[in-house]
Amino acid sequence: MDFFNDESINWDELMTQGIDMGLLILGAFVVLVIGLWLAGFVERRLTALFAKSDRIDNTVSSFLASLGKYIVFIFTGIALLDQFGVETTSLVALLGAAGLAIGLALQGTLSNLAAGVMLLIFRPFKIGDFITVGGESGSVNAISLFTTQLDTPDNVRITIPNGSVWGNAITNFSFHGTRRVQVVVGIGYDDKIDDAMQVIKDIVAADERCHTDPEPVVAVTELGDSSVNVMVRVWCVSGDYWQLNWDLLKTIKEAFDEKGINIPYPIRTVYNVTD
């Protein structure tokens with residue numbers, strides 16, 4: 001039997017179907033190529049765009065760029081299925097329902113992820129800053145998409161979920177380059193206030209860590225129960241804050257001892273009333 005001369009075969013229809021299938025495959029191939037190119041283009045453009053901003057961390061820029069790429073992959077896959085006649089409406093609805101279920105199951109994790117992205121974009125603190133958040137204090141050791149790690153001054157590691165960090169007030173002691181040191185000392189009511197204030201001014205002037213702009217302030221702040229309280233305010237580099245605070249207390253005490261200026265103990269007078 002001559003297969004090619006078989007009149008039962010409609011060669012025109014077969015050829016038409018072959019051409020249609022070839023065009024379908026060619027169209028799917030074009031969609032795939034365009035989708036792959038577009039995914040790479042989106043990733044590169046997002047990476048370049050985020051690189052121009054100093055406020056966006058490399059971690060979050062890489063994450064968002066990859067997220068954009070995979071979103072394009074998903075739409076490319078849906079377009080390919082649609083190209084072959086697969087009903088994609090129900091598929092999109094199924095993916096949406098699955099995404100909703102996963103989102104509800106991972107609600108806490110996703111909230112930490114969202115908070116981590118916000119922290120890495122807005123940068124209320126950076127690695128090395130000393131902060132207080134949620135009742136915890138320490139130097140920032142690491143910022144990831146899910147957690148923030150702090151190291152306390154006594155070398156204890158604290159790991160805080162980013163949702164707790166972003167949802168609380170953040171105190172950043174290292175944000176500014178300078179800080180103000182405030183020390184209050186008491187002198188006796190019999191001592192001369194001007195002499196005590198001059199001693200403090202001389203100490204501040206001799207310490208190179210104390211800035212002259214803004215100008216140091218030495219003033220009487222309170223007439224206490226047993227002492228006249230004198231306050232000194234000076235500005236310094238943030239890194240010198242604690243050491244300068246401690247040194248001022250020590251130096252002022254030693255200078256007062258040399259000058260005979262008294263730092264009185266709290267005194268309470270008790271009257272014994274009898275009939």
Heavy-atom pair with the smallest gap, counting every atom of [X] and [Y]:
X: S238; Y: F173; result: OG-O, 4.3 Å
X: S227; Y: P264; result: CB-CG, 3.6 Å
X: W166; Y: A115; result: CB-CB, 3.7 Å
X: V181; Y: C236; result: CG2-SG, 3.7 Å
X: V184; Y: N229; result: CG1-CB, 3.9 Å
X: V183; Y: N245; result: CG2-OD1, 3.7 Å

[X] side, atom [atom1]; [Y] side, atom [atom2] - distance, nearest 0.5 Å:
X: L244; Y: L249; atom1: CG; atom2: CG; value: 9.5 Å
X: N262; Y: D190; atom1: CG; atom2: CG; value: 8.5 Å
X: T147; Y: N112; atom1: OG1; atom2: CG; value: 8.5 Å
X: R44; Y: K69; atom1: CZ; atom2: NZ; value: 11.0 Å
X: I143; Y: Q149; atom1: CD1; atom2: CD; value: 10.5 Å
X: L120; Y: T148; atom1: CG; atom2: OG1; value: 8.0 Å

Any donor-acceptor pair under 3.5 Å from [X] side chain to [Y] backbone:
X: T171; Y: I131; result: no
X: N168; Y: S164; result: yes
X: N172; Y: S174; result: yes
X: N162; Y: L119; result: no

Applying salt bridge (charged side-chain N to carboxylate O under 4.0 Å, His left out), name anything that partners [X], two or more places apart in sequence or on another chain.
X: R45; answer: none
X: E222; answer: none
X: K253; answer: D257
X: R179; answer: none

Below 4.0 angstrom, N of the basic side chain to O of the carboxylate: do [X] and [Y] qualify?
X: K126; Y: D129; answer: yes
X: D240; Y: R209; answer: no
X: K192; Y: D194; answer: no

[X], [Y]: one ILVMFWY side-chain cluster at the under-4.5 Å cut-off?
X: V204; Y: W246; answer: yes
X: I170; Y: M118; answer: yes
X: I261; Y: M231; answer: no
X: V140; Y: Y241; answer: no
X: V237; Y: F130; answer: no

For Y189, does the OH atom sit with more than 12 other heavy atoms under 6.0 Å from it, leaving out its own atoms? yes
With a 4.5 Å limit on heavy-atom distance, are the side chains of [X] and [Y] in contact?
X: L36; Y: F73; result: yes
X: V185; Y: F256; result: yes
X: V199; Y: I252; result: no
X: V217; Y: V232; result: no

Each residue besides V33 in its hydrophobic cluster should be listed here, by chain and number; the cluster joins Ile, Leu, Val, Met, Phe, Trp and Tyr at side-chain heavy-atom distances under 4.5 Å. F29
List in chain and number order the residues that pass side-chain contact (heavy atoms from CB on, under 4.5 Å) with T251, two or more places apart in sequence or in another chain; answer none if no residue qualifies. I203
